[in-house]
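Have a look at the structure below, then the notes.
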Amino acid sequence: MKEPRKKSGKNPGNKKADPRQSPVTDNKIRLNKYIANAGICSRREADKLIAGGEVKVNGQVITELGYKVDPKDQVSYKGKRLIPEKPVYLLLNKPKDFITTTDDPENRRTVMDLIKNACEERVYPVGRLDRNTTGLLLFTNDGELARKLAHPSQQVRKIYSVELDKKITDEDFLKIEDGLELEDGVATVDKLAILDNNRQMLGIEIHIGKNRIVRRIFEHLGYEVVKLDRVMYGPLDKLNLPRGKWRLLTEKEVHRLKNLR
């Protein structure tokens with residue numbers, strides 16, 4: 001009877017394990033991404049927290065940038081365990097008379113009422129549309145993407161349909177095209193077009209994200225905006241999305257948003 005063959009090489013059981021590291025899996029992600037997915041901050045800001053010794057993994061402080069964690073690891077910040085949520089991205093075609101806030105002390109209707117059954121995850125609006133403005137509004141729990149899209153340097157393209165109380169003159173049309181000096185700086189318009197024979201319906205494309213900027217542009221010249229509808233936000237449009245309804249973004253749309261320049 002032959003003796004059992006001895007296995008060659010070192011016994012993996014004799015290898016001393018790093019107590020900070022979890023077993024090798026294919027599901028490991030960088031610690032800064034894990035923190036960002038928990039909605040704490042962006043990845044760049046997470047790197048600062050890690051380098052500053054403010055993050056623990058399985059009870060031990062981790063200061064190594066690029067450190068990877070397993071989904072089963074316990075990550076904590078300021079003594080609180082972080083649990084990343086599945087990223088959710090949804091688009092709402094906002095109707096009038098809803099305010100863009102997550103909570104209202106006056107108990108007015110908010111955009112959150114329109115998406116309350118959309119998902120289990122907590123999502124938040126990216127940017128704002130005032131109460132009487134309709135159109136596209138993005139929601140997500142991806143804090144990193146939300147901060148990126150809201151930052152002035154990103155200059156996300158937005159297209160609005162505008163109805164005025166009276167016809168616009170050629171002179172005022174050119175003033176808007178050239179850029180108006182408002183109380184908080186120059187309002188630059190990328191494109192402006194007249195959409196009807198009465199010269200009261202216009203299309204306007206802007207990148208700037210100042211508060212109520214479209215309304216203020218026309219009000220500065222003595223016009224009242226009767227209707228304002230955001231028809232495009234970055235690469236997203238209202239096609240097949242009725243007023244008051246929402247839909248989840250496709251993977252392709254999410255990819256395009258994340259890769260905006």
Between the OG1 atom in T110 and the CG atom in D103, the distance rounded to the nearest 0.5 Å is 7.5 Å
Treat each ILVMFWY residue as a node, draw an edge where side-chain heavy atoms are under 4.5 Å apart, and state whether F98 and F139 are in one component.
-> yes
Side-chain donor or acceptor of N93 paired with backbone N/O of L241 under 3.5 Å | yes
Has the side chain of K94 got a donor or acceptor atom that lies under 3.5 Å from a matching backbone atom of L92?
-> no
Apply salt bridge (Lys or Arg N to Asp or Glu O under 4.0 Å) to D73 and K28, showing your working.
-> CA-CA 10 Å; D73 286 336; K28 284 193 172 187; 6.0 Å; no
Distance in Å, I115 CD1 paired with L91 CG, rounded so as to fall on 0.5 Å steps | 11.0 Å
Any chance NZ of K238 has more than 12 other-residue heavy atoms, nucleotides or ligands included, within less than 6.0 Å?
-> yes
Look at R216 together with E183 and state whether they make a salt bridge at an N to O cut-off of under 4.0 Å.
-> yes
Do V225 and V189 share a hydrophobic cluster, counting only Ile, Leu, Val, Met, Phe, Trp and Tyr and linking them when any side-chain heavy atoms are less than 4.5 Å apart?
-> yes
Would you check if there is a donor-acceptor pair between the side chains of D104 and T101 at a distance under 3.5 Å?
-> no
Can a salt bridge be assigned to the pair R199 and D170 using a cut-off of 4.0 Å between side-chain N and carboxylate O?
-> yes
With sequence neighbours excluded, tell me which residues meet side chain to side chain contact (heavy atoms under 4.5 Å, CB included) with T134.
-> K96, D229, R243
Give a yes or no answer on whether the side chain of D196 reaches the backbone of M201 with a donor-acceptor pair at less than 3.5 Å.
-> yes
Donor-acceptor under 3.5 Å (S76 side chain, G79 main chain) = no
Answer yes or no: are there more than 12 heavy-atom neighbours, outside K167 itself, under 6.0 Å from its atom NZ?
-> no
For K48 and G52, indicate whether the former's side chain and the latter's backbone hold a donor-acceptor pair under 3.5 Å.
-> no
Would you give the length of the straight line joining atom OG1 of T100 to atom CG of D130, rounded to the nearest 0.5 angstrom?
-> 7.5 Å
Salt-bridged, E144 to K148, with N to O below 4.0 Å?
-> no
Please check if the side chain of D237 supplies one atom and the backbone of V231 the other of a donor-acceptor pair under 3.5 Å.
-> no
Do you know which of V69, L82, I62, V75 makes side chain to side chain contact (heavy atoms under 4.5 Å, CB included) with V55?
-> V75
Do the charged groups of D97 and R108 touch, with an N to O distance under 4.0 Å?
-> no
Shared hydrophobic cluster, Y124 / L129 (ILVMFWY, side-chain heavy atoms < 4.5 Å) = no
Supply the atom-to-atom distance L49 CG to R44 CZ, rounded to the nearest 0.5 angstrom.
-> 14.0 Å
Nearest 0.5 Å, what's the NE2-CD1 distance between H220 and I176?
-> 10.0 Å
Contacts of D165 that satisfy side chain to side chain contact (heavy atoms under 4.5 Å, CB included) - sequence neighbours left out = Y223, E224, V226
Judged by atom type as modelled, is there a donor-acceptor pair below 3.5 Å linking the side chain of D113 to the main-chain atoms of R109?
-> no
Any donor and acceptor pair, going by atom type alone, linking the side chain of K175 with main-chain N or O of L221 inside 3.5 Å?
-> no
Answer yes if V111 and L136 sit in the same cluster of Ile, Leu, Val, Met, Phe, Trp and Tyr residues linked by side chain heavy atoms under 4.5 Å apart, and no otherwise.
-> no
Ion pair present between R247 and E253, side-chain N to carboxylate O less than 4.0 angstrom?
-> yes
Under 3.5 Å, is there a donor-acceptor pair linking the side chains of R122 and T102?
-> no
Hydrophobic cluster membership, Y233 vs I206, 4.5 Å side-chain cutoff = no
